[in-house]
2 protein chains.
Amino acid sequence: MPSVRGRGVTEKATDKGAQCCGTAKLPSLPEYETALECPMTEPQFKSWQSIQDEVLRRIHAREWPPGAVIPNEADLAQEFGCARATVNRALRALAELGLVERRRKAGTRVALHPVSRATVDIPVIRQEVSALGKIYEYRRLSRARAAPPLGLARRFCAEGLIQCLHVTALHLASGEPFVFEDRWINLETAPSADAQDFKALNANEWLLANVPYTHGEIRLAAQAATEAEAMILNARPGAPLFVIERLTWDHVRAVTFARLSYAPGHSIVTQLGAAP
Amino acid sequence: MPSVRGRGVTEKATDKGAQCCGTAKLPSLPEYETALECPMTEPQFKSWQSIQDEVLRRIHAREWPPGAVIPNEADLAQEFGCARATVNRALRALAELGLVERRRKAGTRVALHPVSRATVDIPVIRQEVSALGKIYEYRRLSRARAAPPLGLARRFCAEGLIQCLHVTALHLASGEPFVFEDRWINLETAPSADAQDFKALNANEWLLANVPYTHGEIRLAAQAATEAEAMILNARPGAPLFVIERLTWDHVRAVTFARLSYAPGHSIVTQLGAAP
DNA sequence: TTGAATATTATGTCTATACATATTAATCTG
DNA sequence: CAGATTAATATGTATAGACATAATATTCAA
């Protein structure tokens with residue numbers, strides 16, 4: 001018999017007899033529990049999810065309007081009939097979503113300007129294409145050892161000249177150009193890349209599997225297609241392209257810089273707020 | 001005397017004398033603690049942050065390479081000399097970052113293709129401008145009641161004709177055009193918007209403060225500037241503009257649709273991975 | 001009245017324990 | 001040996017209690 005969740009009392013068979021709820025319970029006899037089922041006081045919120053939902057409901061219903069300070073964890077725990085840690089879990093999750101703001105001593109308040117915190121997943125291109133139900137294909141266009149252009153060298157924080165591998169490639173979705181990739185790999189950080197020709201193997205996937213990185217930076221922008229990009233991507237020169245630039249580091253050493261130019265029409269969509 | 005953190009033993013003065021670490025401790029005498037300081041076995045990891053750091057270190061150092069299954073929570077807790085809940089907290093945070101994947105019974109493994117999970121904060125424009133150290137200014141350009149164009153009506157999931165408020169506005173940063181806003185407000189969901197002229201008051205800020213929403217959708221794209229946008233934003237027609245479209249809902253009713261066209265050169269930058 | 005010292009308070013975190021749940025591995029059966 | 005049943009296991013979550021920490025309120029003194 002699976003335990004009933006979300007409704008009813010569902011007294012846990014803990015070793016300690018007394019719960020925070022003051023009323024002493026009889027040694028669990030199902031019939032009695034059903035009969036007693038409390039004086040129909042409050043619905044029981046047991047999981048942190050259900051508490052999150054209830055808090056969200058109150059925020060959306062403007063019971064707790066933007067800017068308002070909500071009751072403290074201890075009070076909510078008592079109201080919901082659960083442990084403070086459970087309330088904490090729920091409120092912490094809401095704070096991560098940017099819907100409430102929490103400060104010690106000051107308490108928790110409903111965000112006045114809930115920043116639209118969109119979690120943008122930028123997947124490996126192979127999976128991005130697969131998710132569209134299309135067939136992924138990869139074509140390396142060029143590969144050369146070269147010093148990076150000045151602007152990039154500066155972003156690599158490299159003094160003087162450094163050796164890089166410059167790889168350009170095209171990713172296709174069911175035969176159509178999808179993304180043009182312009183990548184620089186720092187050979188001082190990843191010397192083993194020099195042994196790869198990247199003809200069949202995607203540089204990004206090879207790097208992920210073989211060269212560690214600790215952190216990075218992503219830039220999303222709109223840029224006009226260059227002559228070369230336009231030709232490769234079947235676009236007209238100057239067409240607005242969605243561009244993602246990614247720069248990754250292993251501790252203090254730059255690993256790689258990639259500029260991904262998407263074919264015209266590409267966009268990124270993400271959902272806002274908790275699931276309804 | 002502030003307690004030492006991160007190094008040393010720092011035995012907590014809990015009521016229960018025995019910790020999970022088998023060795024019985026003397027009633028805390030600082031000198032003894034320093035003298036005993038264990039047989040230099042292992043550094044103590046006390047906070048979930050420090051455990052996260054150590055796990056990250058092992059992943060970056062390829063001690064746990066991509067795809068590898070890492071020890072289970074109980075074992076790690078024993079190794080680190082902490083409670084399982086603490087290890088859980090650390091690993092859960094890493095899972096949210098997309099760096100490890102967790103499944104019950106199967107365990108925790110280092111992500112093979114760590115999706116670049118960039119958390120893009122899309123702030124209220126006033127704050128975005130302030131953050132750039134510039135002076136925010138707002139100018140309403142037009143306001144009219146109108147039925148939305150067909151495409152938008154469909155996205156509003158509206159049968160037949162619905163009344164909307166159509167507001168266009170320009171947001172400026174230190175006098176320079178920053179964002180052109182093209183907004184449709186569903187008057188069936190937010191009838192009180194009809195009483196506002198939005199001449200001085202930013203529609204977004206008014207909506208945030210006065211009309212609740214439960215969820216939404218954000219789209220990031222690159223689009224060519226229309227004639228009108230070009231004129232307003234001081235750009236040439238066809239220039240690539242970074243565009244954010246936002247559609248918000250209150251339960252099942254559409255609230256508002258906004259299209260924000262940023263002046264040329266705008267980009268969004270976010271950091272990847274945990275802080276180094 | 002200002003400024004420093006102290007108390008208060010709400011969140012943040014850790015612990016130990018118990019139970020829930022999903023999933024795989026093992027075992028039993030036909 | 002196939003398929004169903006059962007056991008084992010790792011993560012997921014709830015709880016009570018204790019202490020940590022940050023920030024505000026209050027008190028007291030110069």
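Order of the sequence lines fixes the chain letters, A, B, ..., with proteins taken first and strands second; residue numbering starts at 1 for each chain.
Among the heavy atoms of the strands, none lies under 4.0 Å from B:A106. Note on B:R84: a base of the nucleic acid sits closer than 4.0 angstrom, heavy atoms only.
Donor-acceptor pairing under 3.5 Å is recorded for the side chains of A:E181 and A:H171.
Put simply, A:R102 has a side-chain N or O that comes within less than 4.0 Å of OP1 or OP2 on C:dG12. Taking only side-chain nitrogens and oxygens, A:T108 comes nearer than 4.0 Å to OP1 or OP2 of C:dT11. Close to D:dT13, at under 4.0 Å from its OP1 or OP2, lies no side-chain N or O of A:T86. Within the structure, every side-chain polar atom (N or O) of A:N88 is placed at least 4.0 Å from both OP1 and OP2 of C:dT13.
Panel note: side chain A:R219, backbone A:E245; no donor-acceptor pair is recorded below 3.5 Å. Remark: side-chain polar atoms of B:T214 are paired, donor with acceptor, to backbone N or O of B:H251 under 3.5 angstrom.
Protein atom CG of B:L94 is 15 Å distant from nucleotide atom C1' of D:dT11, rounded to whole Å. Atom pair B:K46:NZ and D:dA20:P shows a separation of 11 Å (rounding to whole Å applied). In this structure, A:E96 atom CD and C:dG12 atom P are separated by 10 Å, rounded to whole Å. If you measure from atom CZ of A:R89 to atom C1' of D:dT11, you get 12 Å, rounded to the nearest angstrom. Whole-Å rounding puts the B:E101 CD to C:dT23 C1' distance at 16 Å. C:dA10 atom P lies 12 Å from atom CG of A:L76, rounded to whole Å. The CG atom of B:L91 sits 8 Å away from the P atom of D:dT11 (whole-angstrom rounding).
At a non-hydrogen distance threshold of 4.0 Å, B:N72, B:E73 from residues 67-74 of chain B come into contact with DNA chain D.
The side chain of A:K105 lies closest to D:dA23, out of D:dA23, D:dT13, D:dT15. Side-chain proximity of B:R92 to the nucleotides C:dC14, D:dT13, D:dT15 is greatest for D:dT13. Distances from the side chain of B:R103 to the nucleotides C:dT23, D:dT13, C:dA16 place C:dT23 closest. Listed nucleotides: C:dA22, D:dT15, C:dC14. Nearest to the side chain of B:R104: C:dA22.
Distance check, rounded to the nearest 0.5 Å: CD1 of A:I51 to CG of A:L56 gives 12.5 Å. Between the CG atom in B:D53 and the CZ atom in B:R58 there is a gap of 12.0 Å [rounded to 0.5 Å].
A:I218 places a side-chain heavy atom less than 4.5 Å from the side chain of A:I244.
Within a 6.0 Å sphere centred on CD1 of A:I135, other residues, nucleotides and ligands contribute 12 heavy atoms or fewer.
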